[in-house]
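None of the values given here were measured: they were computed from a predicted structure. The basis for the numbers below is simple: all heavy atoms, side chains too, and nothing from hydrogens, waters or symmetry mates. Naming: A, B, ... by sequence-line order, numbering from 1 per chain.
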Protein chains: 2
Amino acid sequence: MDDTRWLSAADQDVWRTFVTMLGALGEHMDRQLQRDSSMPYTYYEILVVLSAAPGRALRMSELAGLRGSSRSRLSHAVARLEAQGWVERRECPTDKRGSIAVLTDAGFAALAAAAPGHVNTVREAVFDRLTPEQVTALGAISAAILDGIDPDKTLPGCRELR
Amino acid sequence: MDDTRWLSAADQDVWRTFVTMLGALGEHMDRQLQRDSSMPYTYYEILVVLSAAPGRALRMSELAGLRGSSRSRLSHAVARLEAQGWVERRECPTDKRGSIAVLTDAGFAALAAAAPGHVNTVREAVFDRLTPEQVTALGAISAAILDGIDPDKTLPGCRELR
DNA sequence: GCAAGCCGATTGAGAGTTCAACTAGTAGGC
DNA sequence: GCCTACTAGTTGAACTCTCAATCGGCTTGC
């Protein structure tokens with residue numbers, strides 16, 4: 001039963017702290033957005049990606065790829081966002097299977113309203129608490145871990161950190 | 001509208017990489033446990049905490065505190081674990097309101113079966129990909145962030161990292 | 001030009017989480 | 001003793017996510 005390489009005590013400590021932080025931070029961000037802007041964090045991210053896209057529009061699969069989200073999840077999410085009037089779905093002219101998600105003006109306004117509070121929370125919870133060296137290290141560590149899980153998921157613009 | 005202190009471009013990059021890693025890693029760990037041991041990561045953690053407790057038993061609220069989980073979530077989770085025969089609920093002798101979750105032998109066995117694969121995944125995804133310096137840095141960074149969100153949630157045994 | 005297979009997207013069921021009641025038991029003040 | 005306030009834990013509804021199945025549209029080979 002024991003060809004398993006267990007973690008050292010020090011590594012275990014780091015892991016427990018890391019995992020606890022992971023959970024707490026995720027919950028913290030989610031709660032802030034839900035409370036102040038009535039949207040879960042994942043939906044906020046969808047709006048962000050859409051707002052940065054040309055014409056504020058993206059094919060569903062592109063959106064899923066950029067967000068690292070499954071098609072199914074995105075489909076459910078966009079359905080919800082559409083019901084709220086923040087996103088619209090249009091047919092893709094070149095491929096009749098495809099559909100295109102477009103950020104509405106209301107969606108953009110909701111995003112603009114949510115962004116300051118969100119950025120504030122991020123700064124207070126993370127960047128204000130770390131030294132510049134730690135921030136750099138965090139970027140490199142994140143990129144290294146991400147790379148190991150799925151190289152395709154690494155975002156452009158992060159390569160210089162490796 | 002703009003007394004918001006936005007993030008620098010470099011910080012934004014770090015944030016995006018970090019958040020993506022956060023999501024991908026969580027999903028990765030969850031998927032492995034679900035696939036190999038048919039339990040979500042959060043349930044695994046509950047079993048771990050219980051197994052380390054004296055008598056493999058804990059009051060619900062203590063368990064919730066140690067896991068950084070809400071009472072409601074834990075209640076649902078333990079109900080599920082009880083239905084699977086991995087945990088039992090007993091009355092608390094000193095406080096009739098309370099209930100005590102006890103890890104059953106079957107639960108311990110399930111945990112023992114799940115642990116090697118889980119530890120392997122953790123090592124491959126995280127520790128094997130980082131230098132010793134990065135591991136140390138990750139511990140310190142995690143502790144710093146955790147501290148800012150809720151000081152009470154910091155686990156014992158992590159203090160020396162700060 | 002058409003069959004077989006592939007791809008984009010959606011759907012429905014099942015599982016986990018959250019939030020807001022709600023129940024039942026404890027503790028403090030008088 | 002008893003009234004109020006507080007605490008432990010549970011419950012149900014609403015919501016999000018996952019997984020597997022599905023459906024229609026593309027595309028390749030012949």
Side-chain angles (χ1 to χ4, degrees), chain A residues 22-24 26-47 57-84 86-102, chain B residues 22-24 26-47 57-84 86-102:
Chain A
L22 224 98
E27 194 188 310
H28 185 62
M29 306 303 308
D30 227 11
R31 207 184 287 281
Q32 181 270 324
L33 272 170
Q34 194 73 58
R35 177 169 42 80
D36 297 343
S37 311
S38 307
M39 58 176 112
Y41 185 60
T42 48
Y43 291 13
Y44 176 85
E45 286 265 284
I46 291 173
L47 299 186
L58 279 173
R59 288 276 301 254
M60 291 298 278
S61 46
E62 293 182 283
L63 188 47
L66 286 169
R67 281 285 312 108
S69 160
S70 73
R71 292 169 198 284
S72 167
R73 169 151 120 205
L74 188 63
S75 210
H76 285 296
V78 168
R80 191 91 181 67
L81 290 170
E82 193 170 29
Q84 277 183 278
W86 288 347
V87 167
E88 271 176 25
R89 264 190 277 216
R90 294 187 192 151
E91 284 185 6
C92 176
T94 64
D95 185 341
K96 279 178 194 161
R97 292 170 302 180
S99 76
I100 297 178
V102 188
Chain B
L22 223 98
E27 194 188 308
H28 185 63
M29 307 303 309
D30 226 12
R31 208 184 289 280
Q32 182 270 324
L33 272 171
Q34 193 73 59
R35 177 168 42 79
D36 298 342
S37 312
S38 307
M39 59 177 108
Y41 185 61
T42 50
Y43 290 13
Y44 176 85
E45 285 267 284
I46 290 173
L47 299 186
L58 278 173
R59 287 280 298 256
M60 292 297 279
S61 48
E62 292 181 282
L63 188 47
L66 286 170
R67 279 288 313 110
S69 161
S70 74
R71 292 167 197 284
S72 167
R73 169 149 122 205
L74 188 64
S75 208
H76 286 295
V78 169
R80 190 92 182 63
L81 289 170
E82 193 170 29
Q84 276 183 280
W86 290 345
V87 168
E88 272 177 24
R89 263 188 278 216
R90 294 187 192 151
E91 284 186 6
C92 176
T94 64
D95 184 341
K96 281 179 193 160
R97 292 169 302 178
S99 74
I100 296 179
V102 188

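The interatomic distance linking A:I100 (CD1) with C:dG8 (C1') rounds to 12 Å, in whole Å. In this structure, the CG atom of B:D95 is 15 Å from the P atom of C:dA24, given to the nearest Å. When rounded to the nearest whole Å, the span between CE of A:M39 and P of D:dC15 equals 16 Å. Whole-Å rounding puts the A:Q32 CD to C:dT18 P distance at 16 Å. Whole-Å rounding puts the A:E91 CD to C:dA9 C1' distance at 13 Å. For B:K96 and C:dT23, the NZ to C1' distance is 16 Å, given to the nearest whole Å. One atom, OH of B:Y44, and another, C1' of C:dA15, lie 21 Å apart when rounded to the nearest Å. The separation between A:Q84 atom CD and D:dA14 atom C1' is 13 Å, rounded to whole Å.
Note on residues 69-80 of chain A: no pairs pass side-chain hydrogen bond (donor to acceptor under 3.5 Å, both in side chains), not counting sequence neighbours.
Ion pairing between A:E45 and A:R67 holds under the 4.0 Å rule for side-chain N and carboxylate O. Classification of A:E91 and A:K96 as a salt-bridged pair fails, no side-chain N sitting under 4.0 Å from a carboxylate O.
The shortest side-chain heavy-atom distance between A:M39 and A:Q84 does not fall under the 4.5 Å cut-off. By the 4.5 Å heavy-atom criterion applied to side chains, A:L81 and A:I46 are counted as neighbours. Counting heavy atoms from C-beta on, the side chains of A:S99 and A:R90 never come closer than 4.5 Å. With contacts defined as side-chain heavy-atom distances shorter than 4.5 Å, the pair A:I100/A:L58 does not qualify.
Within the structure, every side-chain polar atom (N or O) of B:S75 is placed at least 4.0 Å from both OP1 and OP2 of D:dT11. The side chain of A:R89 places no N or O atom within less than 4.0 Å of a non-bridging phosphate oxygen (OP1 or OP2) of C:dA9.
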Which atom pairs link the protein and nucleotides 16-20 of chain D when you take only N or O atoms and keep those under 3.5 Å?
{"from": "D:dT16", "atom 1": "OP2", "to": "A:R80", "atom 2": "NE", "distance (Å)": "2.6"}
{"from": "D:dT16", "atom 1": "O5'", "to": "A:Y43", "atom 2": "OH", "distance (Å)": "3.4"}
{"from": "D:dC17", "atom 1": "OP1", "to": "A:T42", "atom 2": "OG1", "distance (Å)": "2.9"}
{"from": "D:dC17", "atom 1": "O3'", "to": "A:R73", "atom 2": "NH1", "distance (Å)": "3.4"}
{"from": "D:dT18", "atom 1": "OP1", "to": "A:R73", "atom 2": "NH1", "distance (Å)": "3.0"}
{"from": "D:dT18", "atom 1": "OP2", "to": "A:R73", "atom 2": "NH1", "distance (Å)": "3.0"}
{"from": "D:dT18", "atom 1": "O4", "to": "A:H76", "atom 2": "NE2", "distance (Å)": "3.1"}
{"from": "D:dC19", "atom 1": "OP1", "to": "B:R31", "atom 2": "NH1", "distance (Å)": "3.1"}
{"from": "D:dC19", "atom 1": "OP2", "to": "B:R31", "atom 2": "NH1", "distance (Å)": "2.9"}
{"from": "D:dC19", "atom 1": "N4", "to": "A:S72", "atom 2": "OG", "distance (Å)": "2.5"}

Short heteroatom pairs, N/O only, protein and nucleotides 2-7 of chain C, under 3.5 Å:
{"from": "C:dC7", "atom 1": "O2", "to": "A:R97", "atom 2": "NH1", "distance (Å)": "3.0"}

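Heavy atoms only, all atoms of each residue included: A:W86 and A:L47 are closest at CE3-CD1, 4.2 Å.
Checking B:Q32 against B:D36 by side-chain atom types alone, a donor-acceptor pair falls below 3.5 Å.
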